[in-house]
Student: 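This structure is in structure tokens; I'll ask about it shortly.
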Amino acid sequence: MNVQPAPTRAASADLLGLQRHYIAGEFRESVTGATFTTHNPATNEPLAEVADGAAAEVDAAVAAARKAFDEGPWPRMKASERAAVARRISAQLRARAGEFIEREILDIGMPVKQMQGLAERAAQNFDYYAEVVAALHGRAFEVGDEFINYTVRKPAGVAALIMPWNAPLMLTTWRL
């Protein structure tokens, strides 16, 4: 990736509005209405006002994810179809790399060159998992002459995960 963003005050201006939680396909404020201000680490200027999440938001997000998993297509998709979704995500990460890099630099203060590498790594992670999911197959193991044990590979379900602050874009791709 050879994108050279230059974080500017204008770039952070679109972040100054309230950044809300994204749950069940919609943006929501915190149940309590609580917020906090996040700052650009390089300038200490306000970057965004953020909805402060707590147990109620985690519970709502997990419930929405559980419903989407149970009622949506993902667990019933063929491995090749899930791999195609991962490849589309990878392509979008590359297509919008400049935007992701710029926002990540503003948020965590990472040097441009390092963030370029992490943005590419984020896309590569989806490429990798697309290949892995397409290559996973169940296996059968004979146990003496009495029976056969076998494995079946399928999506496990829903989990609430904590994202680290030091490289959120790339590290989030491991969890997704």
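The shown structure was predicted, so the numbers you read here are calculated from the model rather than taken from an experiment.
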Student: Please check if atom OH in Y128 has more than 12 non-hydrogen atoms from other residues, nucleotides or ligands closer than 6.0 Å.
Tutor: no
Student: Set out, in order, the CA-CA distance, both residues' side-chain angles and the distance that settles side chain to side chain contact (heavy atoms under 4.5 Å, CB included) for Q124 and T173, then state yes or no.
Tutor: CA-CA 9 Å; Q124 289 172 359; T173 65; over 6 Å; no
Student: How far does CD of E81 sit from CZ of R76, to the nearest 0.5 angstrom?
Tutor: 12.0 Å
Student: Would the number of heavy atoms belonging to other residues, nucleotides or ligands and lying under 6.0 Å from OH of Y150 be above 12?
Tutor: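 No - once you tally the heavy atoms of other residues, nucleotides and ligands closer than 6.0 Å, there are 12 at most.
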Student: Is there a chain of hydrophobic side chains (I, L, V, M, F, W, Y, each step under 4.5 Å between heavy atoms) that links V112 to L93?
Tutor: yes
Student: For the side chain of R82 and the backbone of A130, is there at least one donor-acceptor N/O pair under 3.5 Å apart?
Tutor: no
Student: R28 vs I23, test: side chain to side chain contact (heavy atoms under 4.5 Å, CB included). Steps then yes/no.
Tutor: CA-CA 7 Å; R28 302 179 183 182; I23 301 172; 3.6 Å; yes
Student: Surrounding CG of L161 (heavy atoms of other residues, nucleotides or ligands, distance under 6.0 Å), is the total greater than 12?
Tutor: yes
Student: With side chain to side chain contact (heavy atoms under 4.5 Å, CB included) as the test, would you mind laying out the steps for V50 and T37 before giving the verdict?
Tutor: CA-CA 6 Å; V50 181; T37 303; over 6 Å; no
Student: Does a side-chain heavy-atom distance below 4.5 Å link M110 with I101?
Tutor: no
Student: At their closest point, which heavy atom of A134 faces which heavy atom of A79, and how far apart are they?
Tutor: CA-CB, 4.3 Å
Student: So if I apply the side-chain hydrogen bond (donor to acceptor under 3.5 Å, both in side chains) rule between S90 and each of R87, R94, R88, which one comes out positive?
Tutor: R94
Student: Report the C-alpha distance between T35 and D52 in whole Å, list the side-chain angles of each, state the deciding distance to 0.1 Å, and finish with yes or no for side chain to side chain donor-acceptor pair (under 3.5 Å).
Tutor: CA-CA 5 Å; T35 64; D52 192 8; over 6 Å; no
Student: How many angstroms lie between atom CG of L106 and atom CE of M115, to the nearest 0.5 angstrom?
Tutor: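 Reported to 0.5 Å precision, the distance equals 11.5 Å.
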Student: Hey, are the side chains of R121 and W174 touching, using non-hydrogen atoms and a 4.5 Å cut-off?
Tutor: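 Yes, at least one pair of side-chain atoms sits under 4.5 Å.
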Student: Is V133 linked to F69 within one hydrophobic cluster, defined over Ile, Leu, Val, Met, Phe, Trp and Tyr using a side-chain heavy-atom separation of less than 4.5 Å?
Tutor: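 Result: no, two separate clusters.
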Student: Can any side-chain N or O of T32 pair as donor or acceptor with the backbone N or O of A34 at less than 3.5 Å?
Tutor: yes
Student: Could you check whether any side-chain heavy atom of E104 comes within less than 4.5 Å of a side-chain heavy atom of I108, counting everything from C-beta outward?
Tutor: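 Contact flag for E104/I108 side chains = yes.
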Student: Does F36 share a hydrophobic cluster with L18, counting links as ILVMFWY side-chain heavy atoms below 4.5 Å and allowing steps through other members?
Tutor: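 No; tracing contacts between hydrophobic side chains, which count when under 4.5 Å, never links both residues.
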Student: Drop me the distance from L169's CG to F100's CZ, to the nearest 0.5 angstrom.
Tutor: 6.0 Å
Student: Can you confirm whether L176 sits close enough to F126 that some side-chain heavy atom of one is under 4.5 Å from a side-chain heavy atom of the other?
Tutor: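 Yes, their side chains come closer than 4.5 Å.
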Student: Within the supplied structure, the quantity of interest is the number of heavy atoms (other residues, nucleotides, ligands) at a distance under 6.0 Å from R139 CZ; does it exceed 12?
Tutor: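 Incorrect, the count does not exceed 12.
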Student: Under 4.5 Å between any side-chain heavy atoms of I148 and E142, yes or no?
Tutor: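 A side-chain contact under 4.5 Å exists here.
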Student: Taking transitive links into account, so neighbours of neighbours count too, which hydrophobic residues share a cluster with Y22 at under 4.5 Å side-chain distance?
Tutor: F27
Student: Can you tell me if E26 has over 12 outside heavy atoms packed within less than 6.0 Å of its CD?
Tutor: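 Enclosed.
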Student: Can you tell me which residue pairs pass the side chain to side chain donor-acceptor pair (under 3.5 Å) test with a partner in residues 57-66, sequence neighbours excluded?
Tutor: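 Listed by first then second residue: R66-D70.
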Student: Would L171 and L118 satisfy side chain to side chain contact (heavy atoms under 4.5 Å, CB included), going step by step from the backbone distance to the final call?
Tutor: CA-CA 9 Å; L171 293 174; L118 288 174; over 6 Å; no
